[in-house]
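Following: one structure in structure tokens, then a few remarks.
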Amino acid sequence: MSAPASQPLSFVKHHAHGPWETYLAQVDRVLPYLGPLSRWADTLKRPKRALIVDVPIEMDDGTVRHFEGYRVQHNVSRGPGKGGVRYHPDVTLDEVMALAAWMSVKNAAVNVPFGGAKGGIRVDPSRLSAKELERMTRRYTSEIGLIIGPQQDIPAPDVNTNPQIMAWMMDTYSMNVGATSTGVVTGKPIHLGGSLGRVKATGRGVFVTGREVARRIGLDLDGARVAVQGFGNVGSVAAELFAAAGARIVAVQDHTGTVYAPDGLDPVALVAHAKRQGGLTGFPSSENLAPEAFWDVPCEILIPAALEGQLTPARAARLSARLVLEGANGPTLPEADDVLVERGIQVVPDVICNAGGVTVSYFEWVQDFSSFFWSEEEINARLDKIMVGALNRVWETAQMHRIPLRTATYAVACERILTARAERGLYP
Ligand code: NAD
């Protein structure tokens with residue numbers, strides 16, 4: 001007779017295409033490869049700790065508004081929680097739980113000594129003044145101060161958060177504990193204990209893992225056509241590095257529109273335009289496409305670097321790309337994964353593809369503790385080494401079991417997490 005299963009979580013709403021369901025489906029696919037460690041697999045299917053906080057602030061016009069904030073620690077078996085903070089009107093507990101879980105897998109995949117965590121506030125930050133944004137960030141930091149700390153859980157930037165917001169978080173936490181604590185967040189400004197190379201690290205990691213897999217599947221980057229969805233921190237840097245390696249950036253999409261130029265777009269000029277105009281639309285010498293047409297653009301490499309759930313089965317069936325590099329977290333629905341596998345399209349999954357950011361965040365945290373800072377060349381070289389090493393291990397696992405790279409990455413990572421779980425044992 002088998003033992004009764006763990007009780008399902010009562011606080012998660014079931015919706016089939018929600019990010020948490022996507023994550024659970026990804027975990028289910030790895031269970032057959034975990035051997036005796038699968039005894040501990042339920043650990044992966046529930047967060048260790050989930051904190052919901054009320055964030056009231058006084059607006060510039062004297063009114064008071066309340067925002068809903070979250071900090072979730074999914075797993076801390078391998079080290080303190082680590083993961084970004086997202087400001088977006090669609091943030092939900094379900095989403096933050098999935099993002100925290102993906103951080104556990106990601107940190108284990110690149111073997112940095114962190115567990116997985118994530119945070120967020122349900123807010124459209126573009127509607128706040130700078131002062132309101134600062135007040136909201138400081139109150140949120142104070143509220144989650146119960147569970148964050150340099151040895152407990154270390155936030156970082158994610159969608160719509162940046163080094164300035166990290167500086168406010170670091171200052172607030174430091175004021176509350178009565179000592180400057182630079183190691184409580186990463187992605188800080190350089191002169192406040194930030195690391196050189198951090199801002200570009202995620203995009204650089206997308207490039208490095210893409211370069212490695214392209215070589216293995218015989219895809220020459222020189223002249224390769226690249227389409228990028230999301231032109232923020234991750235997408236723009238990845239585009240710049242691919243262009244520098246000889247690839248042609250043929251289409252780019254952001255929340256304002258889609259620009260297309262079969263002969264190639266200049267990513268540096270695109271960044272300047274997006275900064276000036278608040279988005280990509282209207283970029284000179286390019287065609288504006290309808291958003292859905294982005295998925296039909298002829299290309300060899302597709303980089304989804306915006307939000308979750310973008311690659312649906314219908315879009316996956318139309319893609320011309322040979323290689324998908326997941327700059328975003330959770331951009332591909334599990335059913336779309338199946339379509340991509342059937343069509344022989346190689347996917348470098350988020351949990352390794354976009355792990356460059358957290359890898360350099362790890363370097364930042366180490367530098368903060370030792371108060372000794374490295375050069376950018378040193379950081380980029382160490383980043384390259386870790387990403388290439390992690391990719392090699394995942395590639396070998398995929399070849400050995402004849403499984404997609406996503407399942408292989410989960411196999412490598414979940415084995416590390418559950419081995420730590422098993423070795424630590426259960427308290428009490
Ligand atoms: P960002 O805020 O800098 O940029 C987000 C981009 O996505 C913007 O260009 C925005 O216009 C675009 N976008 C938003 N909604 C869109 C839509 N519906 N259609 C098309 N484009 C849309 O964010 P970022 O830091 O570049 O993060 C992007 C993704 O990468 C997220 O999934 C994030 O979790 C993931 N990620 C970021 C980091 C990091 O270090 N910043 C690390 C790992 C993963």
Task: Polar contact flag, side-chain donor to acceptor under 3.5 angstrom, T281-T256 - done: yes

- [ ] Using ring pair (Phe, Tyr, Trp, His ring centres under 6.0 Å) as the criterion, list what pairs up with Y362, not counting sequence neighbours.
- [x] F114

- [ ] Check whether any side-chain heavy atom of V228 sits under 4.5 Å from a side-chain heavy atom of V226, and report yes or no.
- [x] yes

TODO: Mind checking side chain to side chain donor-acceptor pair (under 3.5 Å) for E21 and listing every partner two or more places apart, or none if nothing turns up?
DONE: H14

- [ ] Kindly indicate whether the side chain of L323, heavy atoms from C-beta on, has any atom under 4.5 Å from the side chain of V213.
- [x] yes

Open item on the list: Between R421 and D42 (salt bridge meaning N to carboxylate O under 4.0 Å), is one present in this structure?
Closed with: no

Task: For T137, side chain to side chain donor-acceptor pair (under 3.5 Å) partners two or more places apart - done: Y87

Task: Side-chain ion pair, K45 and D28, N-O less than 4.0 Å - done: yes

TODO: Indicate yes or no: does R204 engage D384 in a salt bridge with an N to O separation below 4.0 Å.
DONE: no

TODO: Please collect all salt bridge (charged side-chain N to carboxylate O under 4.0 Å, His left out) contacts where either partner lies in residues 303-326, sequence neighbours excluded, each pair once.
DONE: R86-E308, E292-R315, E292-R318, D296-R318, E326-R406

- [ ] Identify, with sequence neighbours excluded, every residue that meets ring pair (Phe, Tyr, Trp, His ring centres under 6.0 Å) alongside Y173.
- [x] none

TODO: Quick one: list whatever passes side chain to side chain donor-acceptor pair (under 3.5 Å) with T202, sequence neighbours left out.
DONE: none

- [ ] Check whether the ring centres of H74 and Y23 lie less than 6.0 Å apart, and answer yes or no.
- [x] yes

Task: Sub-4.5 Å side-chain heavy-atom contact between V250 and E300 - done: no

TODO: Answer yes or no: is there a side-chain heavy-atom contact under 4.5 Å between F242 and L325?
DONE: yes

Open item on the list: For a 4.5 angstrom cut-off between non-hydrogen side-chain atoms, does V55 reach H66?
Closed with: no

- [ ] Report yes if some heavy atom in the side chain of L221 is under 4.5 Å from a heavy atom in the side chain of I301; otherwise report no.
- [x] yes

TODO: Decide, yes or no, whether a salt bridge links E134 with K131 under the criterion of side-chain N to carboxylate O below 4.0 Å.
DONE: yes

Task: Rounded distance [0.5 Å steps], CZ in R416 versus CG in N111 - done: 4.0 Å

Task: No-hydrogen, no-angle side-chain donor-acceptor test under 3.5 Å, K106 and N329 - done: yes

Open item on the list: Strictly below 4.0 Å, N to O, side chains only: are D158 and K118 in salt-bridge contact?
Closed with: yes

Open item on the list: So, applying side chain to side chain contact (heavy atoms under 4.5 Å, CB included) with P47, which one of L9, L93, V96, N75 is it?
Closed with: L9

TODO: Dump the intermediate steps for side chain to side chain donor-acceptor pair (under 3.5 Å) on K82 and T186, then the final yes or no.
DONE: CA-CA 9 Å; K82 183 92 193 81; T186 58; 2.8 Å; yes

TODO: Answer yes or no: is there an ion pair linking E58 with R65, defined by an N-O contact shorter than 4.0 Å?
DONE: no

